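First the structure, in the form of structure tokens, and then the observations on it.
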Amino acid sequence: MTRKVRVRFAPSPTGGLHLGGVRTVLYNYLYARRHGGDFVLRIEDTDQTRFVEGAEAYIFNCLDWCGLTPDESPVKGGPFPPYRQSERKALYREYADKLIKNGQAYYAFDTSAELEAMREKLKAAGSHSLQYDHRSRMNMKNSLSLPAEETQKLLDDGTPHVIRIKINPGETISFTDLIRGDLSFDTGNSDDKVLVKADGMPTYHLAVVVDDYLMQISHAFRGEEWLPSAPVHILLWKYLFGLDAMPQWAHLPLILKPDGNGKLSKRDGDRLGFPVYAMDWKDPNSGELTKGFKEIGFLPEAFINLLALLGWNDGTEQEVFSLEELVDKFSIDRVHKGGAKFDFEKAKWFNHEWIKRSSAARLAPLVKETLEANNISNIEEDYLYKVIDLVKDRCTLVPDFYTQSSFLFERPASYDEASIKPKWDDAKRDYFKTLADTFRSSTGFSVEQIEQQFKQLATEKNIKVGELQMIFRIMLVGSKMGPGVFVIAEMIGKEETVGRIEKVLSIL
RNA sequence: GCCGCGUUGGUCAAGGGGUUAAGACGCCUCCCUUUCACGGAGGAAUCACGGGUUCGAUUCCCGUACGUGGUACCA
């Protein structure tokens, strides 16, 4: 049985888009592209209490930045609309009713206080399971424990109620996970999950099954945290649509915090000083801003690359992959089973590699932005390209372009005088005075020429070139850093070079 | 607690009955550069533990430990 590959990413729009979420998108996207399938984005907004303004648009922005644009989505549309679960509310009811009619689900009227009381009671009794399940449900207020007439009366009175799946013990649910292989669960351990909430909205459990069916999803990739509820979903598939229509499952390993243990969270990023979200996220309620990979200076190419390699590799030594290469080489069965601790140092290495490999044209808009943020404007494009090619090897994050090249645009704000003074004397002063004059009166100003004049004068004055070069560098750059000094001099030009020499001469 | 999933250097990881157990990040040393990077050459560092199976287990099986996820009218 082969059918068209259709995958989906189904985020809940409740805040920033987490690293792990983007990786899930990526694996979905890669699988779809690899197999000529469709990638759909479905918004799982069934919890109205968790609605966050702007969160949905933010997700679209992140996906666009990453270059992982869906084929079908709430904004783009597609053959199976709507793509927001809140707008599909009416659809789910018929399936819930079908389950009830077949005795596979039931009404439950327990209040949250009663549920809490049940757990307390079970705990007090030393029970191993505090669940609403085959052991406890007959002690609760539901259509299984109540006489039919009473249930009907409650329903007629409009008593708030939920619909729960009825899971009986004694059955083994088996399935093959694309990453973990054959898995099986005993239904005796599953609880009677709520399928439809009191407000009439489906829970994730019902919605995911109904929507995956209706949207003809062929492969369902999601985080490992869903594994324990997989048997419930499979049961639902069995009851509602038959196992033949069910997508193939793949439960992705978690991304863990670098130190200690546990799932990586936004808090860890704040604490350890690195982003966890793809892009800046401003919480509309608290006004709190959380930094994103984009804004601290990551290239989307690098971000995608690092995420792909967090839990997957192609079996060779290659580590730097473009999206196209990933599409070509990605395979779900090479995804790891175990979680991976996030390492920000390695993440930066990926970005550094991508900056080194990117053309000046690719980098120019980003570099320009970072320079402008530091009040360097009116940059000529040709010059900018030259600067980028000159310094990109030493830039890890985009903002590094400012620190690595500001002296090619403006005079140093300060000078590392401490490195000059010990070696400073009248002979050196005389040398640089003469050097400035020599430059000023010479006709050309090429690297070769500068170097030649610089060294010739040193020979004439009988001073070691090395010492002079260091001082010259500090005059032009302000500190002991940057590309070759003569190259810098040529870049900034004769006037400016002379000006900078004389400026330092005046303060020493 | 119960249920599930996992475990190769500090981190990402290749490998999968017999190997000197790859490679990368980070760290250290040296070379290059009279700067800082880049680049190059080296170095330290790993199969969680205990039982099996086997001529032989890092690799297969079973336990244990540890980690992690779930145990919501959240996804």
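So that the names make sense, note that chain A is the first sequence line, chain B the second, and so on, each numbered from 1. Just so you know, these numbers come straight off a predicted model, no measurement behind them.
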Quiz item: Counting just side-chain N and O atoms, does A/Arg334 come under 4.0 Å of either OP1 or OP2 of B/G15?
Solution: yes
Self-check item: Proximal nucleotide (of B/G70, B/U71, B/C74) relative to the A/Asp47 side chain
Solution: B/C74
Practice problem: Please tell me which of the listed nucleotides, B/G39, B/C12, B/U35, lies nearest to the side chain of A/Met481? | Solution: B/U35
Exercise. Please tell me which of the listed nucleotides, B/U68, B/U34, B/G39, lies nearest to the side chain of A/Leu254?
Key: B/U68
Quiz prompt | Listed nucleotide nearest any side-chain atom of A/Lys193, set B/U71, B/C5, B/C73 | solution = B/U71
Self-check item: Separation of the C1' atoms in B/C32 and B/C5, to the nearest angstrom
Solution: 50 Å
Quiz prompt | Distance, C1' atom - from B/U68 to B/G15, rounded to whole angstrom | solution = 25 Å
Exercise. Using a heavy-atom cut-off of under 4.0 Å over every strand shown, decide if A/Lys123 touches base, sugar-phosphate, or nothing.
Key: nothing
Exercise. Check the pair A/Phe321 / A/Trp312 against ring pair (Phe, Tyr, Trp, His ring centres under 6.0 Å), numbers first and verdict last.
Key: CA-CA 12 Å; A/Phe321 294 89; A/Trp312 172 88; 5.7 Å; yes
Quiz prompt | Pairwise 5' ranking along RNA chain B for A/Glu467 and A/Glu319, keeping only the more 5' one | solution = A/Glu319
Quiz item: Now, which nucleotide makes the Watson-Crick or G-U wobble pair with B/G1, with each of the two distances under 3.5 Å?
Solution: B/U71
Exercise. For B/C49 versus B/A65, give the span between their C1' atoms, rounded off to a whole number of Å.
Key: 7 Å
Quiz item: Among A/Phe472, A/Trp424, A/Phe454, whose ring-ring contact (aromatic ring centres under 6.0 Å, His included) with A/Tyr431 holds?
Solution: A/Phe454
Quiz item: If you measure from CZ on A/Arg50 to OG on A/Ser12, what distance do you get to the nearest 0.5 Å?
Solution: 4.5 Å
Quiz item: Can you check whether A/Arg50 has a side-chain N or O nearer than 4.0 Å to OP1 or OP2 of B/A75?
Solution: no
Exercise. Name the nucleic acid region contacted by A/Ile474, choosing base, sugar-phosphate or nothing; use a 4.0 angstrom heavy-atom cut-off, strictly under.
Key: nothing
Quiz item: Taking only N and O in the side chain of A/Lys197, is any of them less than 4.0 Å away from OP1 or OP2 of B/A75?
Solution: yes
Practice problem: Taking only Lys NZ, Arg NE, NH1 and NH2, and the carboxylate oxygens of Asp or Glu, determine whether A/Glu44 and A/Arg42 approach each other closer than 4.0 Å. | Solution: yes
Exercise. Tell me what A/Phe185 touches on the nucleic acid: a base, only sugar-phosphate, or nothing, going by heavy atoms under 4.0 Å.
Key: sugar-phosphate
Exercise. Check every atom of B/C74, B/G6, B/G23 against the side chain of A/Glu317 and return the nucleotide holding the closest atom.
Key: B/G23
Quiz item: Is the closest side-chain donor-acceptor distance between A/Gln452 and A/Glu448 under 3.5 Å?
Solution: no
Quiz item: Quick one: A/Lys348 NZ to B/U11 C1', roughly how many Å, whole number?
Solution: 14 Å
Quiz item: For B/A44, which nucleotide in any strand shown is its Watson-Crick or wobble partner with both distances under 3.5 Å?
Solution: none
Quiz item: For the side chain of A/Leu310, counting heavy atoms from C-beta on, which of B/A75, B/C12, B/U35 is nearest?
Solution: B/C12
Practice problem: Could you measure between the two C1' atoms, the one in B/C61 and the one in B/G10, and give it in whole Å? | Solution: 32 Å
Practice problem: Name the closest nucleotide to the A/Lys464 side chain, picking from B/G70, B/U34, B/G1. | Solution: B/U34
Quiz item: Are any of A/Gln131's side-chain N or O atoms less than 4.0 Å away from OP1 or OP2 of B/U71?
Solution: no
Self-check item: Cationic tip of A/Arg164 above A/Tyr107 ring, under 6.0 Å, 45° of axis
Solution: no
Practice problem: Looking at every strand, decide which applies to A/Ala340 at a 4.0 Å heavy-atom threshold: base, sugar-phosphate, or nothing. | Solution: sugar-phosphate
Self-check item: salt_bridge(A/Arg180, A/Glu224) N-O dist < 4.0 Å
Solution: yes
Quiz item: With rounding to whole Å, what would you report as the distance between B/G63 and B/G23 at their C1' atoms?
Solution: 34 Å
Quiz item: Quick one: is B/U71 close enough that its OP1 or OP2 comes under 4.0 Å of any side-chain N or O from A/Arg119?
Solution: no
Quiz prompt | Which nucleotide in B/G26, B/C12, B/G39 has an atom nearest any side-chain atom of A/Lys346 | solution = B/C12
Quiz item: Does OP1 or OP2 of B/C38 have a side-chain N or O of A/Lys392 closer than 4.0 Å?
Solution: no
Quiz item: Between B/A13, B/U34, B/A24, which one does the side chain of A/His336 approach most closely?
Solution: B/A13
Self-check item: N or O in side chain of A/Ser479 less than 4.0 angstrom from B/U35 OP1/OP2
Solution: no
Quiz prompt | Short side-chain N/O contact from A/Asn313 to OP1 or OP2 of B/A14, under 4.0 Å | solution = yes
Quiz item: What nucleic acid atoms does A/Pro483 come within less than 4.0 Å of, heavy atoms only: base, sugar-phosphate, or nothing?
Solution: base
Quiz item: When you compare B/C25 with B/A14, how far apart are their C1' atoms, in angstrom units rounded to a whole number?
Solution: 15 Å
